[in-house]
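These notes are about the structure you will find just below.
Letters A, B, ... are given to chains in the order of the sequence lines, protein chains preceding strands, and every chain is numbered from 1.
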4 protein chains.
Amino acid sequence: MCPRTKEQFDLIRENKKEQILNAAIECFGTRGYYSVTISQLAKHAGISKGLLYNYFSSKEDLLKQIFQSLMRDFMGFLDPDENGILEKHELFEYFDKVFDFLQNNISLGKMYISIFSQPSVQTILNEEIVVASRQPLGMMLRYFESQGFEDPEVEVAFLGTLFSGAMSEFLSDPEHFPLEKIKIKIQNMYNMYK
Amino acid sequence: MCPRTKEQFDLIRENKKEQILNAAIECFGTRGYYSVTISQLAKHAGISKGLLYNYFSSKEDLLKQIFQSLMRDFMGFLDPDENGILEKHELFEYFDKVFDFLQNNISLGKMYISIFSQPSVQTILNEEIVVASRQPLGMMLRYFESQGFEDPEVEVAFLGTLFSGAMSEFLSDPEHFPLEKIKIKIQNMYNMYK
Amino acid sequence: MCPRTKEQFDLIRENKKEQILNAAIECFGTRGYYSVTISQLAKHAGISKGLLYNYFSSKEDLLKQIFQSLMRDFMGFLDPDENGILEKHELFEYFDKVFDFLQNNISLGKMYISIFSQPSVQTILNEEIVVASRQPLGMMLRYFESQGFEDPEVEVAFLGTLFSGAMSEFLSDPEHFPLEKIKIKIQNMYNMYK
Amino acid sequence: MCPRTKEQFDLIRENKKEQILNAAIECFGTRGYYSVTISQLAKHAGISKGLLYNYFSSKEDLLKQIFQSLMRDFMGFLDPDENGILEKHELFEYFDKVFDFLQNNISLGKMYISIFSQPSVQTILNEEIVVASRQPLGMMLRYFESQGFEDPEVEVAFLGTLFSGAMSEFLSDPEHFPLEKIKIKIQNMYNMYK
DNA sequence: CATGAATGAGCCTTCATTCAT
DNA sequence: AATGAATGAAGGCTCATTCAT
């Protein structure tokens, strides 16, 4: 029989990679990066240990790739028209989008939280984090400046506080946290009425 | 050389245990529970590995004891007269005390954050966390009820959001986070003027 | 597309096998048998891993086939008329041929050296080595006997010493080893003037 | 009970390290660096796998330390008075010492041979080899210069040829190689009569 | 009380080999 | 004939824990 075509192989690779990433997000999210072994990961993804290394060069690499994809998602929520400028309605919708996303991707969110709070994981991702956060922070700062806020830097810090607080509280108990009501409270604080 | 009186023993035990706990807090806080080895810990504390097991039965036990001591500190901030009832000035002062404490115990704070966000560490501490948080949450709820808030449960959740957000943002970059200004913003929200 | 005539098949097989052997000699010679992976080998040969196993049943088999081909070459140098008897001019020319060959096949030579000195590779090739060396050693012995040497066995050992020494020194630094001058020194020792 | 003194621990370490080195030399010498596993090594040395890493930071480190000790031995044979100058009697005795040593340390010798001929092991030891060989080669060169040899560099190369040839032939079959007679032949070539 | 040598289970990773297409 | 995805045994190494002294 003739071998598979390049297109067939590409399709297999793409699907399998997705499959592994999903398994990894779930495992890392529920049990934490350090507590998950490659063996468990492979079993969860329904593949052999060795195959994982056909797609990711190491456990660290796997973490980095998940993180980067997550960062891309978040950036897309913040600045959908990719013009680097944050408009009022974008900030407003950002809340909705991020928390909608989190509700549908609880494991991913938990993983994100555990990434940002585990010092040693931060070490692994350090460069990625710095690069990834530079742009959104700058956009928020310019937004508050343009809106005539008295102390824009504090506003950015406070917004960050609300965000990271809401995320971590929601994700630590998704069933009971009154997400909708909190969102409304926050949006009211910024006069973001629909 | 070796034999000592009972009093000497007790004094040594007390000091040594403190010494180990401090070293552990610093190491866990800066590098994370999983990345710190017992060897490193012992070296940092200036003792031998074997001796550490004289004071703590395992690495997990060490973590639990740190956590319990931390919880006791926090409870002391929230309800200093230990009457189980949260009064307005106590909530007001709670903010100050907690963040004063954090500013002087950054490693401990980082460790706290990493504890609450690492799923596997949560597993280790699960019972302790549930027990420890039941009382303060109840106190806050009764406080907001007594103050006639429309939806006390949401208020508790929102306060928790502000808290955990401020903690995590402050601890992720203690040098630059405008802690004082954020504290004032929060206290204003609750009309906690001095 | 796929089907071909039997003649085409045979031609392809012959070329492919040559191609793989050459790649293997180069890789084994420069990096050593154990450090070269089948993947690298296949890439170097411009084929897939799977195809390699169509021509060689295992990594060991590949090594054995290279070795056998090398042994055939060397035997051809020692006894070109294949009469099993070593004549003076044949021994004389043997030196020239072997070292000419080595100069043009440095990787092969390095591989030969590494084969003979790696105990575990010797294990793999053990039978082949014994069989292959029996004949030339016997021929040399009879040669020195026929030339009336006092202690022919020592002469064989000494000749072997010179040979293996010159090979290993040349191959460990082909650029700087004064091969021609050493050859002349050796040939003078045996009165092998042209 | 009181703990051991520093001297007691040092003694334990020294003995144990020796024990591991000897086991490693024997294993590497008989089966080759790549074919020996840490498990086998540990079993052969009568210790656990983990303990090996208490004394050597890696398998490579173990190889390097063996090699360095071997190089020190060889240098001691070549220039016992450590004046950096090779005298006639020293070169003469060098032969005897080296081959006496090899007869009593066949595994070590085999390991040496396999080191110098395995390309990938060479890579590991590359710097060490360059450094280690610079001095003796320089000494030999100056010796032949001082003795008025016509082409001292070729003499060094030829002596190296004899050496590495004799070593590899002897070590590949220590039982049958006529070492004494070969030594005499070589010493006669250089007029090194006792 | 105090030390660090010693253990061994278990981790991440590699790689020869197989197999469906 | 040809491909590379897939497997799994095995290797090097780490580290919490124990124990003789």
Exercise. After noting the C-alpha distance and the side-chain angles of Lys6(A) and Asp10(A), does the key distance pass the side-chain contact (heavy atoms from CB on, under 4.5 Å) rule?
Worked result: CA-CA 6 Å; Lys6(A) 193 180 175 307; Asp10(A) 283 350; 3.0 Å; yes
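- Residue order along DNA chain E, read from the 5' end via each residue's closest nucleotide, puts Lys49(B) first among Lys49(B) and Lys49(D).
- The CG atom of Asn22(D) sits 9.0 Å away from the CG atom of Leu108(D) when rounded to the nearest 0.5 Å.
- One distance of note links CG of Leu52(B) with CD1 of Ile47(B); it measures 4.5 Å at 0.5 Å rounding.
- We find that CD1 of Ile38(B) is positioned 20 Å from P of dG8(E), with the value rounded to whole Å.
- Distances from the side chain of Arg4(D) to the nucleotides dG4(E), dT21(F), dG4(F) place dT21(F) closest.
- For the pair Tyr53(D) and dT14(F), the criterion of a side-chain N or O lying under 4.0 Å from OP1 or OP2 is not met.
- Following rounding to the nearest Å, Asn54(A) (CG) and dT3(F) (P) show an atom-to-atom distance of 16 Å.
- Checking the phosphate oxygens (OP1, OP2) of dA2(F), a side-chain nitrogen or oxygen of Tyr55(C) falls inside 4.0 Å.
- Remark: side-chain polar atoms of Gln68(D) are not paired, donor with acceptor, to backbone N or O of Gln65(D) under 3.5 angstrom.
- Side-chain atoms of Gln19(A) come within 3.5 Å of backbone N or O of Ala45(A) as a donor-acceptor pair.
- Counting to the nearest Å, the C1' atom of dG11(F) and the CG atom of Leu41(D) are 13 Å from each other.
- Using a 4.0 Å heavy-atom distance criterion, Leu52(D) is classed as making no nucleic acid contact.
- Computed from coordinates, the Phe56(D) CZ to dA6(E) P distance equals 12 Å when rounded to whole Å.
- Positionally, the nearest nucleotide of DNA chain F for Gly46(C) lies more toward the 5' end than for the other of Gly46(C) and Thr37(B).
- Figure legend: cation-pi geometry between Lys59(B) and Tyr33(B), with NZ or CZ positioned under 6.0 Å from the six-membered ring centre and within 45° of its axis.
- Taken from CZ in Phe28(C) to CG in Leu41(C), the straight-line distance is 5.0 Å, to the nearest 0.5 Å.
- Here the nucleotide nearest the side chain of Ser48(C), chosen from dA6(E), dG4(F), dC11(E), is dG4(F).
- In this structure, Ile25(B) CD1 and Met111(B) CE are separated by 6.5 Å, a value rounded to the nearest 0.5 Å.
- Nearer the 5' end of DNA chain F, as judged by each residue's closest nucleotide, is the contact made by Val36(D), out of Val36(B) and Val36(D).
- With rounding to whole Å, Leu62(D) atom CG is found 14 Å from dC13(F) atom C1'.
- Within residues 6-17 of chain A, the residues having any heavy atom closer than 4.0 Å to DNA chain F are, in order of number, Phe9(A), Ile12(A), Arg13(A), Lys16(A).
- DNA chain F contains the following stems of three or more consecutive Watson-Crick or G-U pairs, with both distances under 3.5 Å: E:2-21 with F:2-21.
- With a 6.0 Å cutoff to the six-membered ring centre and a 45° limit on the axis angle, Lys64(B) does not count as a cation-pi contact of Phe56(B).
- Within the 4.5 Å cutoff, side-chain heavy atoms of Ser114(B) are placed close to those of Pro119(A).
- If you take CG of Leu63(B) and P of dA16(F), they are 13 Å apart, rounded to a whole angstrom.
- To the nearest angstrom, P of dC12(E) lies 12 Å from OH of Tyr34(B).
- Among the heavy atoms of the strands lying under 4.0 Å from Ser58(B) are primed sugar atoms or P, OP1, OP2 only; no base atom is included.
- Phosphate proximity of dG12(F) to Lys59(D): present, with a side-chain N or O under 4.0 Å from OP1 or OP2.
- Distance CG (Leu51(A)) to P (dC19(E)): 16 Å, rounded to an integer number of Å.
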